[in-house]
2 protein chains.
Amino acid sequence: MPKKAPIEKDVSAEEKIKEAARKLFTTKGYAATKTRDIAQEAGINLALLNYYFRSKEKLFHIIRAESLHKIGLEIVRIIYETDTSLEEKIKKLVAYYTETLMKEPDLPLFVLTEIRNNPEQLVDTIGIRDKVMNSVLMQQIMQGVMSGKLRPIHPVHFIINTISLTVFPFVAGPMLKLVANLNDDSFAALTTERKELVPEWIMMIMSQPEKK
Amino acid sequence: MPKKAPIEKDVSAEEKIKEAARKLFTTKGYAATKTRDIAQEAGINLALLNYYFRSKEKLFHIIRAESLHKIGLEIVRIIYETDTSLEEKIKKLVAYYTETLMKEPDLPLFVLTEIRNNPEQLVDTIGIRDKVMNSVLMQQIMQGVMSGKLRPIHPVHFIINTISLTVFPFVAGPMLKLVANLNDDSFAALTTERKELVPEWIMMIMSQPEKK
DNA sequence: AAAAAATTTAATCAAATGATTAAATTTGGC
DNA sequence: GCCAAATTTAATCATTTGATTAAATTTTTT
């Protein structure tokens, strides 16, 4: 007879399944990941997966939500800081993303694919709508534009530029390694360099050159 | 009795299958695309797919190769031009990518996913290794760095920056629309703006500021 | 230690899925 | 118009895959 979900106590097996699922879903996607693959990767029996998580889909939703939170939470914290300058925020954001993605380079491709496949649902899951546009960061940008210190460009461009220059190298990592003939070490060296360079470039792009 | 592959003559049905396969593989990925979906989308019988293409996998290889060529061929042509300046090449590249991806916004996520899943095989398929690094564009960058006109930064950064600022907005399109509350029209307006802005930004990032 | 609850397993099911078959229909050359 | 090649179809097969079942084992509670 099937049992109800167990009370939480020893999460060893449950956590092993989640870890395996995270790895496989992230690298191979939902459809290409088979429940038997997850079970094998986790070193447990297939039935156990359904016992703990009811279904492949439910397990996936959990993994996806955690991935989104991993990327989203710290960002929101940074862009709502009231005691740091625009430049400091950009430096923090670039540093945080770079360090996170050096540890989990497959995360952005997974998250971006999922957001494309299911944009509406994810507005609910992470309630991100307007969070960015109402942030202190965005106010600082608009204020900079008003005061003439920043170029008069739509603030969204700055968002796009910061994320692009920081995240895209990871999304395109395998391609870049191919076209530039880089091994893992030289690629890591490049991304580390960019932790310093990208904030400089962003400020360079945004700043209004002084009139003579 | 099964027939051998037909001689090419009337590609109507064959082309309909390829078009349906392209659409589904590109938007949903290999594993999530079912041969029956392709057949239905193409308005043909399932057996016909295997008759023309032998297998789902063979059909996929064809689609993937065509997608890669679509992105790769024009690029190589531009970066090997001998009669255009560095700045002109950047403008051409950004314009070409932007226009191509406005028509097929799902292409880059598909290509990047495929390159990640199968990097080695794709070196063979499109023989891109060293093509970029040996290009006239790359020579112009290195010459600019030598002569002091450009900042002394690894040329790969310029490649990364150009692709990032141009392609990433499409990869992250659905996410950007969410966080910035953009509809399709305002998003299109932004990307059109960037066709002008990105080359300016790239030159701004690369150029050595004149000493006073 | 006995009973109850939780965990784990092997076996199995039903649906989905890629592929094949053999027959029917259409097309093009003569 | 006839024939052979090409095209198209419905039916079916074998495997994969998500899920369930019932029984066995382990852990916890008393």
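Residue numbers start from 1 in every chain, and the chains themselves are labelled A, B, ... in the order their sequence lines are given, proteins ahead of strands. The shown structure was predicted, so the numbers you read here are calculated from the model rather than taken from an experiment.
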Less than 4.0 Å between a side-chain N and a carboxylate O, is that true for K91(B) and E88(B)?
-> no
Do K70(B) and E66(B) sit within salt-bridge range, that is, some charged N less than 4.0 Å from a carboxylate O?
-> no
Test log, rule side chain to side chain contact (heavy atoms under 4.5 Å, CB included), inputs W201(A) and I153(B) | CA-CA 12 Å; W201(A) 292 333; I153(B) 297 175; 3.9 Å; yes
Nearest-angstrom distance from the residue atom [atom1] of [X] to [atom2] of [N]:
X: I17(B); N: dT7(D); atom1: CD1; atom2: P; value: 11 Å
X: Y51(B); N: dA24(C); atom1: OH; atom2: P; value: 18 Å
X: R54(A); N: dT20(D); atom1: CZ; atom2: P; value: 7 Å
X: L49(B); N: dT8(D); atom1: CG; atom2: C1'; value: 13 Å
X: Y30(A); N: dA16(C); atom1: OH; atom2: P; value: 14 Å
X: L24(B); N: dT17(C); atom1: CG; atom2: C1'; value: 15 Å
X: K56(A); N: dT16(D); atom1: NZ; atom2: P; value: 16 Å
X: D37(A); N: dT17(D); atom1: CG; atom2: P; value: 7 Å

To the nearest 0.5 Å, tell me how far F110(B) CZ sits from T113(A) OG1.
-> 12.0 Å
Taking for each residue the nucleotide of DNA chain D with the nearest heavy atom, is it N50(A) or K34(A) whose nucleotide lies nearer the 5' end?
-> K34(A)
Sequence neighbours excluded, every pair satisfying ring-ring contact (aromatic ring centres under 6.0 Å, His included) that has a member inside residues 72-96 of chain B | none
Is T35(A) near enough to dG18(D) that one of its side-chain N or O atoms lies under 4.0 angstrom from OP1 or OP2?
-> yes
Contact under 4.0 Å: Y52(A) side-chain N or O vs dT8(C) OP1/OP2 = yes
Just checking, is any N or O donor in the side chain of K28(B) or T33(B) under 3.5 Å from an acceptor N or O on the other one?
-> no
For N161(A) and S164(A), does a side-chain donor sit closer than 3.5 Å to a side-chain acceptor?
-> no
Restricting both atoms to N or O, compile the protein contacts to nucleotides 9-12 of chain C shorter than 3.5 Å, with distance only.
{"from": "dT9(C)", "atom 1": "OP2", "to": "N45(A)", "atom 2": "N", "distance (Å)": "3.3"}
{"from": "dA10(C)", "atom 1": "OP2", "to": "N45(A)", "atom 2": "ND2", "distance (Å)": "3.4"}

